[in-house]
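Lettering follows sequence order; numbering is per chain, from 1.
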Amino acid sequence: MSDYQLSNLDLLEAEAIHIIREVVAEFERPVMLYSIGKDSSVMLHLARKAFYPGPLPFPLQHVDTTYKFPEMYDFRAKVAAQFGLDLRVHVNTKAKAEGMNPYDHDSYTYTTVMKTHGLLQALAAGQFDAAFGGARRDEERSRAKERIYSFRDSHGQWDPKNQRPELWNLYNGRLHPGESIRVFPLSNWTELDIWMYIRREAIEVVPLYFAAEREVYAHGDQWLPVYPDTRMPAGVRSERRMVRYRTLGCHPLTCAVESDAATLDAVIGEMMTARASERTTRLIDKDRDGSMEQKKQEGYF
Amino acid sequence: MDLDTLVEHYGQVDMLRFTTAGSVDDGKSTLIGRLLHDAKGLFDDQLATLEDAGLQGGDLQFALLTDGLRSEREQGITIDVAYRYFSTPDRRFIIADTPGHEQYTRNMATGASTANVAIVLIDARHGVLTQSKRHGFIASLLGIPHVIVAINKMDLVDYDQAVFEQIRSDYEGFATRLGFGDLSFIPVSALKGDNVVDRSERMPWYDGQSLLRKLETVYTGGDRNLIDFRFPVQLVQRPSHDFRGYAGQIQSGVVRVGDPVMVLPSGKTSTVTRIVTMDGDLDQAFAPQSVTLCLADEIDIDRGDMLAHPGNLPQVRRDLEAMVVWMSEEPMRPGRTYVIKHTTRSVRGRVTQLRYRIDPNTLHRQDAADLKLNEIGRVDLQAFRPLLVDPYARNRATGAFILIDPMTNRTVGAGMIIDRKGRAASKQSDGGQGADARERILGQRGSVVRLVDGPADQRLETAQAIEAALLEHGHLAIALGLDATPADAALLASAGLVVVLPTGAAVPQVAAAHTLTVALTDDGEHSDDTLVVHGPMEAASVLRALEAHGIFRV
């Protein structure tokens with residue numbers, strides 16, 4: 001019997017590959033949303049496995065707010081070159097030109113315009129009918145009920161009361177013209193699974209996940225980074241601290257936590273004893289109660 | 001444990017998927033909240049939410065952790081399937097949390113479809129209600145191998161053993177009709193934490209495991225079908241002229257390089273030359289791995305075709321009989337056409353007959369003209385193109401399908417295929433239901449080795465040599481005489497024996513059995529999967545052939 005045992009990670013990998021292949025088989029124009037973060041890195045790795053020895057049969061799409069960490073832009077360029085990816089970048093240039101930024105606008109308005117609207121623009125421009133996303137059900141309470149195939153109407157909106165039941169591994173991918181789906185191959189992964197898999201498969205991730213001495217300023221009991229375009233509140237001083245990031249997004253909205261975990265194993269060790277879920281470092285989730293759910297209904301992931 | 005050991009260990013742990021069924025008042029959300037909390041599956045910020053909400057009657061309100069969407073929180077009920085995750089050092093768990101209201105059979109079936117274990121909650125104060133029976137019935141219908149009845153709120157009946165025993169006895173009486181392989185009962189108080197994670201001191205009369213311990217130790221190795229190799233093709237990979245592979249997830253069974261395979265429905269045969277993954281080629285692969293197979297011959301194969309071993313094939317069928325759970329406001333009516341999605345194959349088909357509706361509370365059959373939302377019925381379907389199926393009881397992956405309304409594109413039904421052929425061919429009383437259990441006990445799968453060609457006395461002698469070779473290797477085998485009938489062989493094979501039949505007669509197909517044809521001469525017109533054995537001295541090659549077919553891998 002023991003010859004035929006599969007570990008948790010083996011099962012998650014097999015399931016994700018199955019999902020990715022189903023979408024490619026049944027949809028006309030799939031695209032993989034690529035956020036540069038660790039979940040995207042894992043999803044990209046799984047997609048490469050799904051079609052090996054062939055190339056990825058779909059492009060990658062990054063929705064860029066232009067306020068990502070500089071290290072993320074470096075990483076994006078490196079990965080695209082390394083794997084020969086068709087990586088497309090979309091910016092909501094109109095909003096950007098009109099002065100949308102995370103300092104003069106509240107985080108809810110900013111993310112709605114630059115991320116949600118930007119995403120919908122990119123999907124419409126590419127006429128994509130299926131978009132892979134790296135979201136996991138363990139991230140946030142409202143995501144626990146998200147399907148693997150998440151249906152969106154012709155406006156990209158999600159209706160929690162109008163989703164299709166998913167039984168066994170039989171996914172119903174039939175659409176009417178204009179409708180689309182978001183697909184979450186990592187639905188059943190937890191944050192720890194992601195890190196364990198990164199370790200097992202030696203997947204490269206943005207170095208910001210590992211602790212280093214960085215220029216930061218205090219924001220409550222967490223730390224916000226200082227970059228040339230950072231606007232620090234008046235009277236606040238920056239300092240150098242050993243910090244790392246548990247999630248990556250727009251640098252003015254992403255907090256670092258103090259940590260000595262400078263290596264992958266140290267990060268996993270910290271994870272195994274972690275006492276805070278990762279989204280606590282995202283300012284956008286805290287705007288209001290149930291905010292993630294609200295964003296999803298409007299078309300965000 | 002140092003970090004390396006810990007990390008290494010986590011990389012090896014297996015996964016258990018379980019579903020929970022109970023009504024709002026049975027304390028299901030409290031139980032899950034308690035499991036997450038006591039198994040340290042919660043983060044500090046979640047704990048803070050819990051603590052902010054304050055105490056109710058002196059206890060934390062665990063239900064708040066799992067009641068998800070905003071509108072639902074306002075209504076104070078959970079109304080959908082929600083998935084939760086936690087792990088202990090022994091296992092990683094996925095909970096499909098489904099509500100138990102009357103009208104949500106659909107959600108429960110959804111959660112149950114991927115589960116190994118169902119937890120059915122019963123309120124100790126109320127005993128076995130019709131809905132507790134409904135939950136058991138749906139668990140049985142969806143083929144969940146293990147059912148745990150958690151008798152909750154024991155704190156409200158003074159931890160009284162008599163209450164527990166009465167409920168257990170009532171439920172067992174009902175459950176015999178459902179035929180669960182593994183049914184257990186645990187007295188708990190989700191609110192107070194009794195027997196949830198640790199054994200309770202307040203119920204010394206209970207000597208079983210706590211709920212979590214039970215979940216950690218349920219043996220699921222036998223749940224997977226590793227016997228019948230089934231590989232529905234998802235995609236044909238043709239990145240260059242020198243590579244052609246078939247990508248898919250092995251739904252059951254084992255495949256090795258060199259195995260003969262048949263492509264269905266075309267019936268063409270070939271041999272597996274490579275099992276490709278990005279981590280390097282494999283010598284063998286098994287369910288549920290996702291791989292890419294390469295074959296020796298250029299055969300026309302498309303998505304929706306299925307690869308299987310020539311000696312162990314699914315049924316190629318257009319007419320199906322199935323239990324169907326209806327999931328749409330628009331009722332199912334005989335005569336209507338739907339899309340049947342089965343493995344990677346989607347075909348149109350018509351509902352030809354609704355034999356009866358089943359009342360999940362009483363298990364009584366009722367005549368019905370249609371099947372409404374959340375109703376369950378036995379249905380005949382006519383597929384317009386053939387499907388490659390196994391009975392659901394034998395193979396969840398190739399026995400399941402969904403029905404899609406071609407106009408609205410909604411998923412409207414879920415079906416589980418019932419075997420009809422197996423019953424007719426067998427003298428067994430249970431229609432083959434016990435076959436899996438027999439296979440587990442015997443460690444082998446019933447088979448017939450049929451000897452053809454050559455003189456009768458040589459066939460008999462060879463049959464006896466094959467029997468001896470198999471027995472010597474610890475496999476239960478019997479060589480029959482020249483007066484044995486094919487029906488005798490089929491019956492013994494259905495009991496799990498390897499039967500060596502020297503008469504050359506064709507053997508009726510038995511659902512649970514494999515047939516190997518062995519020719520004693522090279523001359524005859526043999527099919528590709530016939531094994532040639534030149535007399536008793538080559539008996540061991542039959543053993544190897546049976547091994548290659550997975551007969552002893554149970």
Side-chain angles (χ1 to χ4, degrees), chain A residues 1 3-15 17-18 21-22 24-25 48-55 137-138 141-142 144-145 160 163-170 172 174-176 179 187-188 190 192-193 196 199-200 265-266 268-269 272 274-277 280 289-290 293-294, chain B residues 3-4 6-7 10-15 43-46 68-71 80-85 87 92 94 106-107 109-110 113-114 221 224 226 234-235 237-239 243 247-249 254 276-278 286 288-290 292 303 327 339 341-342 344 396-397 400-402 404 409-411 414:
Chain A
M1 276 314 300
D3 290 351
Y4 302 112
Q5 284 301 327
L6 289 176
S7 72
N8 172 44
L9 292 178
D10 296 327
L11 293 169
L12 291 169
E13 177 187 84
E15 177 187 67
I17 291 174
H18 171 80
R21 287 171 170 172
E22 277 302 283
V24 166
R48 289 176 52 236
K49 284 197 167 191
F51 303 105
Y52 177 86
R137 289 189 185 123
D138 82 323
R141 200 156 48 170
S142 79
K145 305 190 178 197
Q163 297 292 314
R164 297 169 179 178
E166 283 179 348
L167 293 103
W168 301 290
N169 59 0
L170 299 174
N172 172 359
R174 293 172 64 94
L175 297 178
H176 289 119
E179 292 174 342
S187 287
N188 286 323
T190 63
L192 183 55
D193 295 326
M196 292 296 302
R199 181 184 192 269
R200 185 179 94 169
D265 279 1
I268 292 172
M272 285 180 152
R275 299 309 315 159
S277 56
T280 53
D289 187 37
E293 192 180 320
Q294 183 83 34
Chain B
L3 180 63
D4 280 352
L6 209 67
V7 168
Y10 185 83
Q12 304 298 323
V13 298
D14 70 351
M15 182 200 281
F43 294 118
D44 279 350
D45 47 327
Q46 293 171 309
L69 300 181
R70 200 162 51 177
S71 58
D80 210 332
V81 186
Y83 295 87
R84 327 258 169 218
Y85 306 86
S87 52
R92 153 96 149 68
I94 301 181
R106 151 189 145 138
N107 295 337
T110 303
S113 70
T114 51
R224 217 169 5 146
L226 287 171
Q234 280 189 285
L235 292 166
Q237 305 259 67
R238 192 108 215 232
F243 187 90
Q249 184 174 28
V254 181
V276 178
T277 77
M278 197 167 89
F286 48 92
Q289 287 181 304
S290 287
T292 297
R303 172 177 168 82
M327 303 189 150
V339 174
K341 185 164 187 184
H342 172 266
T344 57
R396 274 171 112 179
F401 60 87
I402 56 171
I404 299 167
N409 286 338
R410 300 216 176 184
T411 302

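Using a 4.5 Å cut-off between heavy atoms, A:N188 touches chain B through backbone and side chain atoms alike. At a 4.5 Å heavy-atom cutoff, the contact between A:L11 and chain B is made by side-chain atoms alone. Contact annotation for B:I94: only side-chain heavy atoms (C-beta onward) come within less than 4.5 Å of a heavy atom of chain A. A:R48 touches chain B through backbone and side chain together, each having a heavy atom under 4.5 Å away. Only the backbone of B:Q12 comes within contact range of chain A, with heavy atoms under 4.5 Å apart. For a residue to count as touching a neighbouring chain, one of its non-hydrogen atoms must lie under 4.5 Å from one of that chain's; by this rule A:R200 does not touch chain B. Residue contact with chain A, scored on non-hydrogen atoms closer than 4.5 Å, involves the side chain of B:F243 exclusively. With a threshold of 4.5 angstrom between heavy atoms, B:T277 approaches chain A through N, CA, C or O but not through any side-chain atom.
Among the candidates A:E13, A:E179, A:K49, the residue making the largest number of heavy-atom pairs closer than 4.5 Å to chain B is A:K49. Counting heavy-atom pairs closer than 4.5 Å to chain B, the top residue among A:V24, A:I268, A:D10, A:L175 is A:L175. In terms of heavy-atom pairs under 4.5 angstrom with chain A, the leader among B:M15, B:Q249, B:R92 is B:R92. Chain B forms the most heavy-atom pairs under 4.5 Å with one residue out of A:A50, A:A266, A:P53, and that residue is A:P53. Looking only at heavy-atom pairs under 4.5 Å with chain B, the residue among A:D265, A:L6, A:N8 that has the most is A:N8.
A donor-acceptor distance shorter than 3.5 angstrom exists from the side chain of A:R21 to the backbone of B:G248, with no hydrogens or angles considered.
In this structure, CG on B:N409 lies 4.0 Å from NE2 on A:H176, to the nearest 0.5 angstrom. Considering OH of B:Y85 and OG1 of A:T190, their distance stands at 9.0 Å, rounded to 0.5 Å. How far OG1 of B:T411 is from CD of A:E166: 8.5 Å, rounded to the nearest 0.5 Å.
Residues A:R164 and B:I404 form no side-chain contact, since every pair of their non-hydrogen atoms from C-beta on lies 4.5 Å or further apart. Between B:R410 and A:N172 the shortest side-chain heavy-atom distance does not fall below 4.5 Å.
Considering all non-hydrogen atoms of both residues, B:P239 and A:G54 come closest at CB-CA, 3.5 Å. The minimum heavy-atom distance between B:S290 and A:H18, with the atom names listed, is OG-N, 3.8 Å. The two residues B:T114 and A:W168 have their closest heavy-atom pair at CG2-O, 3.7 Å. Of all heavy-atom pairs between A:Y4 and B:R224, the closest is O-NH2, 2.7 Å. Between B:A400 and A:L170, the shortest heavy-atom contact is O-CD1, 3.9 Å. The two residues B:Q237 and A:Y52 come nearest to each other via the heavy atoms NE2-O, 3.5 Å.
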